[in-house]
Amino acid sequence: MGLIDQHGRTAHDLRISVTEKCSLRCTYCMPEAGLPAIPRDDLLTPVEIARLVGIGVRDLGITDIRFTGGEPLMRNDLAEIIERSAAVAGGASVSMTTNGIGLDKRIDELVAAGLTRLNISLDTVDRDHFARLTRRDRLPSVFAGIEAAKRAGITPLKINAVLMRDTLAGAADLLEWSLANGVRLRFIEQMPLDADEAWARDNMVDAAELLDALSTRFTLTEPHREDPSAPAEEWLVDGGPSTVGVIASVTRSFCEACDRTRITAEGTVRSCLFGDDETDLRGLLRSGSDDAMIADWWRAAMWGKQKGHGMDLADFVRPERSMGAIGG
Ligand code: SAM
Ligand code: SF4
């Protein structure tokens, strides 16, 4: 039996965080000082990660595996994590979400290890703005990472941009740059998962505001989803074939179609970004439990997945962990 929950959903998409460390400090995610360090022994090892991947694919119906963090490139053993995981992934895709910093030096080993897809996060193509938003002046390094990923033949290369009040003015520039560079851009509404707790519903930029801003320079038509569970609504740009994606995670929640299951860097299952309930699998991995027992605990964790994020409800409570600590 797969990872079903009591609201009728089945999880196929596994997000595994591999670290809390990061080379940036994006204001919508991390605190300025970074997250508290996870003791090394508390992090899952490549062997443990691959064991969970194998159980997920073989016993629980996982079809997509994505490594995230924190910044996955902060782990020196990332290629080993990917290689061991790809070896047991069967037909499942093995992908990663990254800020791209240092990717140019690692992409060849990661592709050789079995990485097949990549999302790179980039919110602005303006260097000063990037430095303010991420608290680090590293935009040239992100560009180098994107170029290297293109050279390595990763297609389509997806770019994720979080919508902030002060990125709105540069949104059309980012789209123009994406079209010129042959990458697929997707904007994401900012969620209340910033460690600084500055997010406010009445100040967030929603998808409608973004579409207005882009429409001053582009003609956007025929919104569609690639498949019913895809969170992004794809708009044709100037008649196509290029598109721009919009993920309205706050204003048009896609919780009813959510097919995700998450493992934190410390090896707990988290059924929802917004639910603080976590189930420890690391303890089972390290105490000699067999695969069937681990699969049972994982199933039980997902059965209790909450119905929705509840952001629009009066009694909404932010989760304790921020995005970088969960694994976005
Ligand atoms: N460090 C990598 C990166 O930035 O791509 C991977 C981890 S990051 C937490 C994963 C994704 O979550 C990124 O695309 C990031 O932009 C997004 N993200 C972070 N905080 C967010 C928030 N508060 N709302 C929406 N997306 C967020
Ligand atoms: Fe780091 Fe990614 Fe969070 Fe930015 S979004 S601080 S790059 S983990």
Side-chain angles (χ1 to χ4, degrees), residues 13 15-36 38 66-75 78 81 95-103 106 110 115 117-124 129-139 141-142 145-146 149 157-165 167 174 183-201 203-207 210 231-232 245-254 260 262-265 270 273-274 309 311 318-319 321-328:
D13 182 348
R15 304 276 158 123
I16 306 180
S17 175
V18 294
T19 180
E20 83 297 355
K21 294 193 179 6
C22 191
S23 42
L24 298 179
R25 296 285 185 274
C26 305
T27 50
Y28 49 73
C29 177
M30 288 256 174
E32 182 148 24
L35 292 164
I38 300 174
R66 173 171 297 274
F67 295 108
T68 181
E71 174 47 50
L73 291 168
M74 298 297 281
R75 267 193 78 156
L78 182 61
I81 292 173
S95 60
M96 170 169 87
T97 300
T98 173
N99 63 27
I101 292 175
L103 183 63
R106 312 267 303 270
L110 300 182
L115 185 75
R117 295 190 205 163
L118 204 50
N119 285 14
I120 300 184
S121 303
L122 176 64
D123 305 313
T124 173
H129 188 200
F130 182 94
R132 276 200 310 279
L133 197 67
T134 65
R135 302 178 176 120
R136 299 286 187 273
D137 182 17
R138 307 293 301 275
L139 183 59
S141 178
V142 180
I146 292 171
L157 187 55
K158 292 189 181 168
I159 302 290
N160 292 350
V162 176
L163 266 175
M164 302 276 284
R165 180 97 357 241
T167 36
L174 181 59
V183 295
R184 283 183 59 180
L185 176 62
R186 307 180 319 164
F187 287 97
I188 305 168
E189 284 179 347
Q190 188 200 355
M191 295 181 277
L193 291 169
D194 54 319
D196 293 342
E197 304 199 4
W199 182 93
R201 177 71 179 81
N203 188 40
M204 65 161 277
V205 180
D206 61 19
L210 168 75
V246 182
I247 304 183
S249 21
V250 177
T251 57
R252 262 175 292 153
S253 130
F254 39 86
R260 291 188 188 158
R262 294 170 194 276
I263 305 279
T264 64
R270 197 168 164 114
L273 275 174
F274 291 90
H309 55 49
M311 268 182 261
R318 292 174 54 112
R321 288 192 194 233
S322 59
M323 188 65 130
I326 302 168

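Not measured: the values here are computed from a predicted model. Worth knowing before you read on, the calculation uses all heavy atoms, side chains too, and leaves out hydrogens, waters and symmetry mates. Whatever order the structure lists them in is the order used to number ligands and atoms, beginning at 1.
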Give me the residue, atom name and distance of the protein heavy atom closest to atom 8 (S) of ligand 1. G69 O, 4.2 Å

Starting from atom 27 (C) of ligand 1, locate the nearest protein heavy atom and write down its residue, its atom name and how far away it is, to 0.1 Å. M323 CE, 3.5 Å

Of all the non-hydrogen atoms in the protein, which one sits nearest to atom 21 (C) of ligand 1, and at what distance? Y28 CD1, 3.7 Å

Check each heavy atom of T68 against ligand 1 and say whether those closer than 4.0 Å belong to the side chain, the backbone, both or neither. side chain

Out of D123, V162, L163, which one pairs with F187 under the side-chain contact (heavy atoms from CB on, under 4.5 Å) rule? L163

Nearest neighbour of atom 1 (N) of ligand 1 from the list C22, S121, G70, on a heavy-atom basis: G70

If the condition is side chain to side chain contact (heavy atoms under 4.5 Å, CB included), which residues does S95 pass it with, not counting sequence neighbours? R66, R117

Can you tell me how far the CE atom of M191 sits from the CZ atom of R318, to the nearest 0.5 Å? 11.5 Å

Protein heavy atom at shortest distance from atom 24 (N) of ligand 1: M191 N, 2.9 Å

Please indicate whether any nitrogen or oxygen in E71 is less than 3.5 Å from any nitrogen or oxygen in ligand 1. yes

Applying a heavy-atom cut-off of 4.0 Å, say which part of T98 lies close to ligand 1: side chain, backbone, both or neither. backbone

For atom 16 (O) of ligand 1, what's the nearest protein heavy-atom neighbour? Residue, atom name and distance, please. V162 CG2, 3.2 Å

How long is the gap from OG1 on T124 to CZ on R132, to the nearest 0.5 Å? 8.5 Å

Near atom 1 (Fe) of ligand 2 (protein N/O/S, cut-off 2.8 Å, waters excluded) we have C22 SG

